[in-house]
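Both counts, for ligands and for their atoms, begin at 1 and track the order of listing.
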Amino acid sequence: MRNIGVIGAGHVGLVTAACFAKLGHNVICADNDIEKIERIKNLDMPFYEIGLEDMVKETLEKGKLYFTETVAELTEKSEIIFIAVGTPSTPDDSADLSSVENVTMEISKALIKIKNTSDANIYKLIVEKSTVPVLTGEWVKKTLELMSPTGIQFDVAANPEFLREGNAIKDFLEPDRIVVGVENERAKQLFEEIYAPLKSPILFTDVKSAELIKHASNSFLALKISYINAISQICERVNADVEKVAEGIGYDKRIGKHFLKAGIGWGGSCFPKDVAAFIKLAEDLGYPFFLLKEAQKINKEQRLLVIKKAKELLWNLKGKEIGILGLSFKPDTDDVRESPAIDIISLLLKEGAVLKCYDPKAIENMKKVFPDITYSPTPYDCVKDVSLLICLTEWNEFKTLDFEKIKSLMKIPHIIDGRNFLDIDKLKKLGFIYKGIGRS
Ligand code: UGA
């Protein structure tokens with residue numbers, strides 16, 4: 001078992017820390033947000049992730065997981081240090097790497113202190129876990145080399161995460177693959193050891209290729225969704241069914257059936273930021289990535305499709321009461337960052353619509369974005385007297401709602417299914433006027 005440090009107790013950091021602790025390693029997780037650390041220690045998770053609270057509880061009780069506010073303590077106690085701090089977008093769409101740089105400087109300072117108080121042979125493996133543009137590893141290494149005293153041995157590696165929110169623990173423990181960019185055998189062996197309990201294949205590459213794999217992966221998935229959304233636009237125009245088209249092409253193993261769900265487009269804290277950063281990075285390297293720019297454009301157009309459909313159903317939206325079910329960017333999370341719901345609500349408000357919104361987990365977060373709209377305590381309150389119901393997130397609990405009751409509560413039974421997840425035949429039989437995305 002190894003001593004592992006994880007810097008950053010955000011979605012990626014906290015899941016990584018808890019999962020490594022679950023695998024039996026001794027894990028120390030650092031975050032400079034003292035309040036957040038206290039909350040986690042009291043088992044009040046700062047975000048919703050299935051299974052996380054139980055795993056944190058179990059590993060804390062077993063003494064496998066420990067929290068600190070200082071990178072210095074973490075550096076001293078860990079042999080392998082994962083950097084999992086945020087890399088948000090700058091105004092020009094690049095990844096803001098200042099937190100990565102700050103953390104690297106703090107590790108350097110800690111290394112100097114350790115060297116001054118010990119004669120032992122010290123080795124540290126510093127690993128990028130956050131999504132970073134290619135060449136970040138080189139900067140981390142240069143910074144450590146410049147700042148750290150000779151005599152401390154270290155390596156820099158890249159081990160990008162592929163964790164989906166809402167599925168993060170499973171994605172960590174049963175990944176399709178583990179990607180590791182290393183510079184030498186010593187670092188490689190450490191990775192083989194810490195991931196030994198997992199059955200998944202490990203792909204070892206150089207650091208730059210590993211960094212690129214992350215951006216290339218997320219961008220490809222976003223591209224795939226935009227592709228099926230472009231097809232949905234064609235389906236709209238000829239009354240074909242995009243769900244059937246997706247099924248038909250997805251059977252081809254070379255294409256695959258995943259990430260072919262048409263709808264209001266991709267959102268969240270990863271795809272929009274990562275696609276934009278990849279485009280910017282490519283541009284900086286002299287390659288204009290038009291393919292990805294088009295994927296972004298298609299994604300925006302899917303949001304507009306909902307407004308177009310609302311107008312087709314209601315004519316003018318001014319003063320019309322509309323119910324919105326689903327606010328998070330996808331189900332099983334309370335995260336509303338870059339949620340399609342934000343764009344759609346903004347557009348509806350601009351048209352003068354009067355909104356009532358419901359989500360099983362994301363209301364509190366959405367209140368920070370739209371403090372002045374009405375939030376309903378239940379889905380049934382949300383649809384009372386509305387002339388249109390718009391479903392924006394495919395939460396399981398929405399599939400099993402009593403739609404007969406919903407119809408009786410609504411003023412007019414119009415429904416827009418932004419995720420094509422409702423039972424179209426059942427709804428039509430009940431008398432709903434249904435509009436999906438690329439199917440009707
Ligand atoms: C994504 C990747 O899937 C993870 O592998 C990656 O580790 C993560 O970003 C990250 O970079 O940290 P996540 O943002 O949690 O994970 O969510 P996804 O499940 O990938 O969904 C992203 C968006 O695409 C959501 O808005 C979802 O509704 C949309 N989507 C997904 C579709 O519109 N259609 C689909 O078929 C699939």
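- Protein heavy atom nearest atom 1 (C) of ligand 1, with residue, atom name and distance: Phe271 CE1, 3.5 Å.
- Under a 4.0 Å heavy-atom criterion, Gly263 is not in contact with ligand 1.
- Here is the list of ligand 1 atoms found below 4.0 Å of a heavy atom in Asp274: 11 (O).
- Distances between N or O atoms of Arg164 and those of ligand 1 include no value under 3.5 Å.
- Numbered from 1 in the order shown, with element, the atoms of ligand 1 that lie under 4.0 Å from a heavy atom of Glu165 read 15 (O).
- Considering backbone and side-chain N/O of Gly267, one or more are found under 3.5 Å from N/O of ligand 1.
- Listed by number with element, the atoms of ligand 1 under 4.0 angstrom from any heavy atom of Arg419 are 28 (O), 33 (O).
- Residue Pro340 has no nitrogen or oxygen atom sitting less than 3.5 Å from a nitrogen or oxygen atom of ligand 1, judged on distance alone.
- Not a single N or O atom of Leu221, backbone or side chain, sits closer than 3.5 Å to an N or O atom of ligand 1.
- Between Val6 and Ala84, the shortest heavy-atom distance links the atoms CG1-CB, 4.2 Å.
- Annotation for Lys224 and His258: closest pair NZ-O, 2.7 Å, computed over non-hydrogen atoms.
- Atom 36 (O) of ligand 1 has as its closest protein heavy atom Lys261 N, 2.9 Å.
- Protein heavy atom nearest atom 9 (O) of ligand 1, with residue, atom name and distance: Cys270 CB, 3.2 Å.
- Using 4.0 Å as the threshold, Gly268 has no heavy atom nearer than that to any atom of ligand 1.
- Under 4.0 angstrom from ligand 1, there are no non-hydrogen atoms of Asn167.
- Between Tyr195 and Phe20, the two ring planes are tilted [angle within 30° to 60°].
- When the heavy atoms of His258, Glu161, Lys330, Lys224 are ranked by distance to atom 17 (O) of ligand 1, first place goes to Lys330.
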Where do His11 and Phe47 land on the ring pair (Phe, Tyr, Trp, His ring centres under 6.0 Å) test, with the steps shown first? CA-CA 8 Å; His11 221 112; Phe47 50 83; 4.1 Å; yes
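- Polar contact check, Trp266 against ligand 1: no nitrogen or oxygen pair lies under 3.5 Å apart.
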Residues Asn218, Phe278; criterion side chain to side chain contact (heavy atoms under 4.5 Å, CB included); working and verdict: CA-CA 10 Å; Asn218 271 6; Phe278 203 29; over 6 Å; no
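- Of the N or O atoms in Asn218, one or more lie within a sub-3.5 Å distance of an N or O in ligand 1.
- Atoms of ligand 1 lying under 4.0 Å from at least one heavy atom of Lys214, given by number and element, are 6 (C), 7 (O), 10 (C), 11 (O), 12 (O).
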Lys208/Leu135 under side chain to side chain contact (heavy atoms under 4.5 Å, CB included): CA gap, chis, key distance, verdict: CA-CA 6 Å; Lys208 283 184 264 189; Leu135 301 179; 3.5 Å; yes
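- For atom 30 (N) of ligand 1, the closest heavy atom belonging to the protein is Ile225 CD1, 3.4 Å.
- Closest heavy-atom contact between Gly86 and Ser99: O-CB, 3.8 Å.
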Taking it one step at a time, do Lys399 and Glu394 satisfy salt bridge (Lys or Arg N to Asp or Glu O under 4.0 Å)? CA-CA 8 Å; Lys399 290 183 199 160; Glu394 66 278 34; over 6 Å; no
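- Using modelled atom types, one side-chain atom of Thr68 and one backbone atom of Thr70 make a donor-acceptor pair closer than 3.5 Å.
- By the criterion of a heavy-atom distance under 4.0 Å, the backbone of Leu163, and not its side chain, is placed next to ligand 1.
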